[in-house]
Asks: 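Dropping the structure in here first, questions after.
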Amino acid sequence: MIASYLIDLLIEVSPLVVPGGGVAAAAGKAIRSATSKFQQTKDQRAQPLLIDEVKGKMAELVEAILDSAHEADPTKQKQYRLVIFIDDLDRCSTERMVRMFEWLKVHMLVERCTYVLALDHIAAARAIVGRYREYLGEDQDLAYGLRYLEKLIEWSTN
């Protein structure tokens, strides 16, 4: 859901704030189309292809945004990076929170794009343990959730 809102925001705002932002908006529309197809499909065999398609569209969107930033000031020779801040994930339902982690890991991790997640890591670990309760069986301790987060996120306490 958060990813959906981010895409809608990029589609609406990029033409207004970034020179050449129409390219980013077009890439956002392509991602919106791919994610709609992904949600509508009932055929499990089609999912790997759609996962690659969504990830590819995300990479295109990131490149379009970074290219627009470079076009805005071509005198700078440094390479740009897109940073996306996601706050209050721990306030989502446990199912949505874990789905967002899975979505980020599978679809949204692309080069030159960094996500900063602001959340209560203990609440997130509890949500993960709750989501995988059947898989864990009797071994339902918080350590599993914390290990899951460590694999997903580079920790920073600052």
Side-chain angles (χ1 to χ4, degrees), residues 1-14 17-18 24-66 69 79-158:
M1 185 177 216
I2 293 170
S4 177
Y5 291 133
L6 283 172
I7 292 168
D8 289 341
L9 179 65
L10 287 170
I11 290 169
E12 293 297 319
V13 174
S14 60
V17 296
V18 179
K29 288 177 184 174
I31 290 173
R32 166 67 58 231
S33 172
T35 56
S36 294
K37 287 178 189 174
F38 179 77
Q39 291 171 352
Q40 291 171 359
T41 186
K42 301 282 185 201
D43 185 358
Q44 295 295 325
R45 292 172 294 169
Q47 284 187 0
L49 175 61
L50 291 173
I51 289 170
D52 291 342
E53 185 178 338
V54 170
K55 192 166 190 166
K57 295 295 183 184
M58 182 61 187
E60 288 175 24
L61 175 61
V62 169
E63 283 303 312
I65 292 169
L66 295 175
Q79 192 168 8
Y80 288 94
R81 179 167 205 77
L82 179 64
V83 179
I84 299 173
F85 293 85
I86 302 174
D87 195 8
D88 292 334
L89 262 178
D90 52 319
R91 295 185 185 186
C92 295
S93 69
T94 57
E95 186 65 29
R96 287 185 190 265
M97 185 189 319
V98 175
R99 268 204 237 139
M100 184 64 184
F101 292 145
E102 291 167 350
W103 182 262
L104 282 168
K105 187 171 186 168
V106 174
H107 301 295
M108 308 293 277
L109 294 181
V110 296
E111 289 185 34
R112 298 176 57 201
C113 182
T114 300
Y115 294 90
V116 177
L117 304 177
L119 55 85
D120 177 343
H121 66 283
I122 299 298
R126 284 187 185 127
I128 292 162
V129 170
R131 169 66 176 86
Y132 294 108
R133 171 178 47 248
E134 291 177 22
Y135 167 75
L136 294 171
E138 296 294 320
D139 191 27
Q140 294 183 25
D141 66 357
L142 200 55
Y144 175 82
L146 294 171
R147 285 191 308 272
Y148 181 106
L149 287 171
E150 284 177 0
K151 289 180 181 179
L152 179 69
I153 299 169
E154 293 180 29
W155 289 100
S156 174
T157 56
N158 296 330

Asks: Quick one: pull up CD1 in Ile128 and NE2 in His121 and give me the separation to the nearest 0.5 Å.
Replies: 11.0 Å
Asks: With sequence neighbours excluded, what pairs up with Ala127 under the side-chain contact (heavy atoms from CB on, under 4.5 Å) test?
Replies: Thr94, Met97, Val98
Asks: Between atom CG of Leu66 and atom CD of Glu111, what is the distance when rounded to the nearest 0.5 Å?
Replies: 11.0 Å
Asks: Can you list the steps and then say if Tyr80 with Ile65 is a side chain to side chain contact (heavy atoms under 4.5 Å, CB included)?
Replies: CA-CA 10 Å; Tyr80 288 94; Ile65 292 169; over 6 Å; no
Asks: Please give me the minimum heavy-atom distance between Ala124 and Leu149, naming the atom from each residue.
Replies: CB-CD1, 3.8 Å
Asks: Which residues pass the side-chain contact (heavy atoms from CB on, under 4.5 Å) test with Val106, not counting sequence neighbours?
Replies: Ile51
Asks: Identify, with sequence neighbours excluded, every residue that meets salt bridge (charged side-chain N to carboxylate O under 4.0 Å, His left out) alongside Asp141.
Replies: none
Asks: Is there a side-chain contact between Leu109 and Tyr115 (heavy atoms, below 4.5 Å)?
Replies: yes
Asks: Could you tell me which residues satisfy salt bridge (charged side-chain N to carboxylate O under 4.0 Å, His left out) with Arg112, sequence neighbours excluded, listed by chain and number?
Replies: Glu63
Asks: With sequence neighbours excluded, tell me which residues meet side chain to side chain donor-acceptor pair (under 3.5 Å) with Arg131.
Replies: Glu95
Asks: How long is the straight-line distance from CD1 of Ile86 back to CG of Leu104, given to the nearest 0.5 Å?
Replies: 5.0 Å
Asks: Measuring from Ser93:OG to Met100:CE, what's the distance to the nearest 0.5 Å?
Replies: 12.5 Å
Asks: Mind checking side chain to side chain donor-acceptor pair (under 3.5 Å) for Arg147 and listing every partner two or more places apart, or none if nothing turns up?
Replies: none
Asks: Using the test side chain to side chain donor-acceptor pair (under 3.5 Å), find all partners of Tyr132 that sit at least two apart in sequence or belong to another chain.
Replies: Glu102
Asks: For a quick test of reading the model, state the closest non-hydrogen atom pair linking Asp90 to Leu119 and the distance between them.
Replies: OD1-CA, 3.6 Å
Asks: Quick one: CG on Leu117 to CG on Asp88, what's the gap to the nearest 0.5 Å?
Replies: 11.5 Å
Asks: Does Thr114 have any side chain to side chain donor-acceptor pair (under 3.5 Å) partners at least two apart in sequence or in another chain, and if so, which?
Replies: Arg81
Asks: If you measure from CD on Glu53 to CE on Met58, what distance do you get to the nearest 0.5 Å?
Replies: 15.0 Å
Asks: Begin with the C-alpha distance, continue with both residues' side-chain angles, and end with the deciding distance and a verdict on side chain to side chain contact (heavy atoms under 4.5 Å, CB included) for Trp103 and Val54.
Replies: CA-CA 10 Å; Trp103 182 262; Val54 170; 4.0 Å; yes
Asks: Check step by step if side chain to side chain contact (heavy atoms under 4.5 Å, CB included) holds for Met108 and Ile84.
Replies: CA-CA 11 Å; Met108 308 293 277; Ile84 299 173; 6.0 Å; no
